[in-house]
Amino acid sequence: MNAFEIRILDWIQTLRTGAGDTFFSLVTHLGDAGIFWILLCVALLCVKKTRRAGVAMAVALVCDLLLCNVLLKPLVHRIRPYDVNPAIVPIVRKPTDFSFPSGHSAASFAGAAAIFFSGRKKAGIAALVLAAVVALSRLYLYIHYPTDVLGGAAVGVLCGWLGSRACARLARRFPSLAE
């Protein structure tokens, strides 16, 4: 599987441009430590009308952190593609943790899916598109294998769904959350 995935990543490298390098280098930073999604979560929590989505997102991001970074990355222990193919020198700082699943993809899809599943469909679709671009940036930058990104997206969507379900339960217990 690694050889096939390396071929995909090498093909993506043939599409690189200066503008693409700049764009994807900037976009990928939206997923650094999940900070963009955390700040968006805080903003949603501060507005009564979007608080439910914010709670769902908070639960989703915590779930993602535990599942992705605490459980799966150390368990799978997959090395990064740039370590397998040292001919490629990434144009962004090399991560020091393991490759599977993609934490950037997982956090991005967790936040976006939480918004979507909490009933904010239009905002959720926009967030899911952004999450997909962040995930694509990880391939473009040769930081993750395609299955790392797909695995991260799956973990993220699961966490987003769990966050929305947990929020729905909390809303039954705390009716002010449902407003």
Side-chain angles (χ1 to χ4, degrees), residues 1-2 5 27-47 50-83 92-121 123-139 141 143-174 177-178:
M1 181 61 110
N2 270 6
E5 292 188 271
V27 166
T28 207
H29 290 304
L30 294 175
D32 289 353
I35 195 68
F36 171 80
W37 302 100
I38 293 167
L39 292 173
L40 179 57
C41 175
V42 169
L44 293 172
L45 288 168
C46 289
V47 178
T50 60
R51 191 162 295 137
R52 186 173 183 150
V55 170
M57 186 185 255
V59 172
L61 290 171
V62 169
C63 178
D64 164 61
L65 173 71
L66 296 173
L67 191 56
C68 183
N69 294 52
V70 175
L71 179 67
L72 290 173
K73 279 187 182 270
L75 182 68
V76 175
H77 209 262
R78 188 178 199 190
I79 64 169
R80 302 267 178 181
Y82 55 75
D83 288 326
V92 295
R93 185 181 54 81
K94 291 180 178 181
T96 56
D97 60 349
F98 296 111
S99 194
F100 183 89
S102 166
H104 281 65
S105 300
S108 297
F109 276 95
I115 293 169
F116 182 83
F117 289 131
S118 67
R120 302 218 159 265
K121 301 295 186 208
I125 289 170
L128 286 165
V129 169
L130 179 59
V133 175
V134 170
L136 180 61
S137 77
R138 305 308 281 172
L139 300 175
L141 297 169
I143 301 298
H144 282 289
Y145 296 99
T147 52
D148 297 341
V149 168
L150 291 173
V155 166
V157 169
L158 173 65
C159 291
W161 180 80
L162 290 171
S164 72
R165 299 291 16 118
C167 185
R169 284 183 169 224
L170 284 170
R172 284 193 294 275
R173 183 168 238 171
F174 303 99
L177 187 60

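Heavy atoms only: backbone and side chains are in, while hydrogens, waters and symmetry mates are out.
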[Y] and [X], any side-chain heavy atoms less than 4.5 Å apart:
{"X": "Leu162", "Y": "Val59", "answer": "no"}
{"X": "Val76", "Y": "Phe98", "answer": "no"}
{"X": "Ser99", "Y": "Tyr82", "answer": "no"}

Rounded to the nearest 0.5 Å, how far apart are [atom1] of [X] and [atom2] of [Y]?
{"X": "Asn69", "Y": "Asp64", "atom1": "CG", "atom2": "CG", "answer": "6.5 Å"}
{"X": "Lys73", "Y": "Ser102", "atom1": "NZ", "atom2": "OG", "answer": "6.5 Å"}
{"X": "Leu72", "Y": "Leu66", "atom1": "CG", "atom2": "CG", "answer": "11.0 Å"}
{"X": "Leu139", "Y": "Glu5", "atom1": "CG", "atom2": "CD", "answer": "9.0 Å"}
{"X": "Leu170", "Y": "Arg172", "atom1": "CG", "atom2": "CZ", "answer": "9.5 Å"}
{"X": "Leu130", "Y": "Ile125", "atom1": "CG", "atom2": "CD1", "answer": "14.0 Å"}

List, one per line, each side-chain donor-acceptor pair under 3.5 Å for residues 29-43, sequence neighbours excluded.
{"unit_1": "His29", "atom_1": "ND1", "unit_2": "Asp32", "atom_2": "OD2", "d": "2.5"}
{"unit_1": "His29", "atom_1": "NE2", "unit_2": "Ser25", "atom_2": "O", "d": "3.3"}
{"unit_1": "Asp32", "atom_1": "OD1", "unit_2": "His104", "atom_2": "NE2", "d": "2.8"}
{"unit_1": "Trp37", "atom_1": "NE1", "unit_2": "Ser108", "atom_2": "OG", "d": "3.0"}

Work out which heavy atom in [X] is nearest to a heavy atom in [Y]; give both atom names and the distance.
{"X": "Gly152", "Y": "Pro101", "value": "N-CB, 3.6 Å"}
{"X": "Leu67", "Y": "Leu71", "value": "O-CB, 3.4 Å"}
{"X": "Ala60", "Y": "Cys159", "value": "CB-O, 3.3 Å"}

Can you pull out every salt bridge (charged side-chain N to carboxylate O under 4.0 Å, His left out) where at least one residue sits in residues 156-166? Sequence neighbours excluded, please.
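Residue pairs passing salt bridge (charged side-chain N to carboxylate O under 4.0 Å, His left out), neighbours aside: none found.
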
Sorted by first residue and then second, give each salt bridge (charged side-chain N to carboxylate O under 4.0 Å, His left out) pair with at least one member in residues 99-110; sequence neighbours left out.
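As it turns out, there is no salt bridge (charged side-chain N to carboxylate O under 4.0 Å, His left out) pair with a partner in residues 99-110 once direct neighbours are skipped.
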
Side-chain donor-acceptor pairs under 3.5 Å in residues 111-120, sequence neighbours left out?
{"unit_1": "Ser118", "atom_1": "OG", "unit_2": "Ala114", "atom_2": "O", "d": "3.0"}
{"unit_1": "Ser118", "atom_1": "OG", "unit_2": "Ile115", "atom_2": "O", "d": "2.9"}
{"unit_1": "Arg120", "atom_1": "NH2", "unit_2": "Lys49", "atom_2": "O", "d": "2.6"}

Would you please test Thr50 and Met57 for side-chain contact (heavy atoms from CB on, under 4.5 Å) and show each step?
CA-CA 11 Å; Thr50 60; Met57 186 185 255; over 6 Å; no

State which residues pass side chain to side chain donor-acceptor pair (under 3.5 Å) with Thr28; sequence neighbours excluded, sorted by chain then number.
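Scan of Thr28 (side chain to side chain donor-acceptor pair (under 3.5 Å), adjacent residues dropped) gives Ser137, Arg138.
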
Residues in salt bridge (Lys or Arg N to Asp or Glu O under 4.0 Å) with Arg80, at least two apart?
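Only Asp97 meet the salt bridge (Lys or Arg N to Asp or Glu O under 4.0 Å) criterion with Arg80.
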
